[in-house]
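Residue numbers count from 1 along this sequence. Just so we're clear, the structure is a prediction, and the values are computed from it rather than from any experiment.
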Amino acid sequence: MTVSFVAASQLPTPFGIFTLHGFADEHTGKEHVALSMGDISSEKPVLMRVHSECLTGDALFSLRCDCGAQLQTALQTIAENGRGLLLYLRQEGRGIGLLNKIKAYELQDGGADTVEANERLGFAADLRKYDMCKAMLSHLGVSQVRLLTNNPRKVQALEQQGVEVVERIPLQTGQNPHNERYLAVKAGKLGHLFP
Ligand SMILES: Nc1nc2c(ncn2[C@@H]2O[C@H](COP(=O)(O)OP(=O)(O)OP(=O)(O)O)[C@@H](O)[C@H]2O)c(=O)[nH]1
Ligand SMILES: [Zn+2]
């Protein structure tokens, strides 16, 4: 795993001005980014979101999932806190890629749930990896985090790499009539924690 820092710039957003850090993942050829606000390299644990790419939800306003709302709420929460970090990982469709995700959506339109659709296409339910996070966090000087997620597997994956997750903060937002089944499958089959 080789992930190298390439460049950083300011990124003004409706929530505040972040710093955008760009990383090249030489193993996969993917380009990941981190958005930081405030002094994240000081000792205090950093409020952090690890967000996996979802073009449809993050950029195209899709209501099939909760990704767009989670991205917005995470950036807003970090900005309100005045200090924090969002890692935006380019692993679209839980790692199967955009076109395969559209194939999975087609199967879901025919009745399959998100896990069944992946399996029918020959993929495991979730192919994501989080090993690039360690290199990104080392570059940014972050070793302890308060993680915004409902996914306990994300907590485990970070801890396995030596990132200390001192707290898991639920990130429940964006429920709507179109994603009821999607959220139910996350809770029922993928282990997400919804109170
Ligand atoms: N294969 C597949 N991927 C999906 C589908 N819907 C959303 N995704 C992808 O799922 C990823 C987001 O993962 P989620 O399972 O929603 O949430 P999470 O990141 O595990 O957990 P949280 O931190 O609680 O949000 C993004 O990469 C989306 O592109 C789907 O129906 N099929
Ligand atoms: Zn999504």
Side-chain angles (χ1 to χ4, degrees), residues 1-4 22-34 48-74 86-137 147-163 165 168 170-194:
M1 160 68 42
T2 320
V3 174
S4 23
F23 295 86
D25 187 334
E26 280 143 33
H27 182 59
T28 59
K30 298 284 184 188
E31 298 172 327
H32 307 295
V33 295
M48 179 169 86
R49 165 77 181 154
V50 174
H51 193 87
S52 302
E53 178 174 16
C54 176
L55 180 84
T56 45
D58 298 339
L60 301 177
F61 312 101
S62 169
L63 297 178
R64 292 189 78 120
C65 58
D66 54 353
C67 304
Q70 285 186 314
L71 179 61
Q72 180 166 336
T73 303
L86 182 135
L87 303 185
Y88 191 92
L89 307 178
R90 309 296 300 284
Q91 33 190 359
E92 170 65 66
R94 299 196 183 110
I96 65 174
L98 177 62
L99 298 182
N100 284 321
K101 187 174 80 169
I102 299 172
K103 287 186 191 170
Y105 280 169
E106 196 173 69
L107 292 171
Q108 290 167 35
D109 289 345
D113 71 28
T114 49
V115 171
E116 291 161 354
N118 260 37
E119 285 167 356
R120 277 195 221 166
L121 292 169
F123 299 113
D126 192 343
L127 292 174
R128 285 176 293 175
K129 292 199 160 55
Y130 298 96
D131 43 0
M132 68 296 260
C133 298
K134 177 69 179 172
M136 295 169 80
L137 293 174
L147 192 68
L148 287 157
T149 185
N150 308 313
N151 185 349
R153 280 195 285 178
K154 234 180 237 183
V155 176
Q156 271 171 20
L158 287 174
E159 286 192 326
Q160 271 165 16
Q161 294 170 47
V163 179
V165 181
R168 181 186 72 83
L171 183 59
Q172 253 191 296
T173 177
Q175 292 91 336
N176 72 71
H178 303 280
N179 68 15
E180 263 171 20
R181 186 164 181 227
Y182 168 80
L183 293 176
V185 171
K186 286 219 277 195
K189 289 193 175 178
L190 293 168
H192 289 237
L193 303 168
F194 295 113

Pick one: which of Leu127, Asn100, Thr114 meets side-chain contact (heavy atoms from CB on, under 4.5 Å) with Arg94?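 Running side-chain contact (heavy atoms from CB on, under 4.5 Å) over Leu127, Asn100, Thr114 with Arg94 returns exactly one hit, Thr114.
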
Applying side-chain contact (heavy atoms from CB on, under 4.5 Å) between Val163 and each of Leu137, Leu147, Val155, report the one that passes.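 The residue from Leu137, Leu147, Val155 that satisfies side-chain contact (heavy atoms from CB on, under 4.5 Å) with Val163 turns out to be Leu137.
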
State, yes or no, whether a side-chain contact exists between [X] and [Y] at a heavy-atom distance under 4.5 Å.
| X | Y | answer |
| --- | --- | --- |
| Pro152 | Arg168 | no |
| His192 | Gln172 | no |
| Thr28 | Arg90 | no |
| Gln156 | Tyr130 | no |
| Phe194 | Lys186 | yes |
| Glu116 | Leu107 | no |

Salt-bridge present (Lys101, Glu53; N to O < 4.0 Å):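 No, this pair does not count.
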
Look only at the side chain of [X] and the backbone of [Y], and say whether a donor-acceptor pair between them is shorter than 3.5 Å.
| X | Y | value |
| --- | --- | --- |
| His32 | Leu89 | no |
| Asn150 | Pro170 | no |
| Asp66 | Gln175 | no |
| Lys154 | Thr149 | no |
| Arg49 | Leu86 | no |
| Asn179 | Gly174 | yes |
| Glu92 | Leu55 | yes |
| Gln108 | Ala117 | no |

Can you name the closest pair of heavy atoms from Met132 and Asp25 and give their distance?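 So the two residues come closest at CB-OD2, 4.0 Å.
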
Of the non-hydrogen atoms in Val33 and Gly22, which two are nearest, and what is the gap between them?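 Scanning both residues completely, I find the closest heavy atoms to be CG1-CA, 4.3 Å.
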
How long is the gap from CG on Leu121 to CD on Glu106, to the nearest 0.5 Å?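 Going from the CG atom of Leu121 to the CD atom of Glu106 covers 9.5 Å.
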
If you measure from CG on Leu98 to OG1 on Thr56, what distance do you get to the nearest 0.5 Å?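 So the gap between those two atoms works out to 7.0 Å.
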
Would you kindly say whether His27 and Asp131 are connected by a side-chain donor-acceptor distance under 3.5 Å?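 Looking only at side-chain atoms, Asp131 and His27 do not form any donor-acceptor pair under 3.5 Å.
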
